Amino acid sequence: MTLVLTFLIYPTIVLAVSIIGTVYIRKWVVFPIITAIIFTILTLALYDPSFFIWTVVYIVLSAITAFGTKFFHQRY
């Protein structure tokens, strides 16, 4: 179950929240910060410290998605 969460569910949620949130709030920095806070809490509460690598991956994914959404939303 953890493998499904790590590779499928969490990235899908991060992508969706980053896209929707960036369109409505129009600040791309907000959602990588929210992602960092949420996944750091999850790492400390539910998983072992080795999950922190995935936390960094999700933060980078959120930042790239939010910045790309802002770029394309402004352009079109």
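These numbers were taken from a predicted model, which means no experiment stands behind them.
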Decide whether [X] and [Y] are clustered together by the hydrophobic rule: side chain heavy atoms of Ile, Leu, Val, Met, Phe, Trp, Tyr closer than 4.5 Å, transitively.
X	Y	value
Val14	Ile25	yes
Phe7	Val4	yes
Ile37	Phe51	no
Tyr24	Ile34	no
Phe31	Val57	yes

Gap separating the [atom1] atom of [X] from the [atom2] atom of [Y], nearest 0.5 angstrom:
X	Y	atom1	atom2	answer
Arg26	His73	CZ	NE2	5.0 Å
Leu61	Tyr10	CG	OH	14.5 Å
Leu42	Leu5	CG	CG	9.5 Å
Thr65	Leu15	OG1	CG	4.5 Å
Ile38	Ser62	CD1	OG	9.5 Å

Report summary line: Heavy-atom closest pair (Ile19 atom, Thr69 atom, distance to 0.1 Å) is CG1-OG1, 3.6 Å

**Report entry** Ile53 atom CD1: more than 12 heavy-atom contacts under 6.0 Å
**Finding:** no

Query raised in the report: Tell me, do Phe67 and Val29 make a side-chain contact under 4.5 Å, heavy atoms counted?
Result: no

Query raised in the report: Taking the side chain as C-beta and beyond, is there a heavy-atom pair between Trp28 and Ile64 under 4.5 Å?
Result: no

Report task. Check for a donor-acceptor pair, side chain of Tyr58 on one end and backbone N or O of Thr6 on the other, with a separation under 3.5 Å. Result -> yes

Query raised in the report: Judged by atom type as modelled, is there a donor-acceptor pair below 3.5 Å linking the side chain of Thr43 to the main-chain atoms of Phe39?
Result: yes

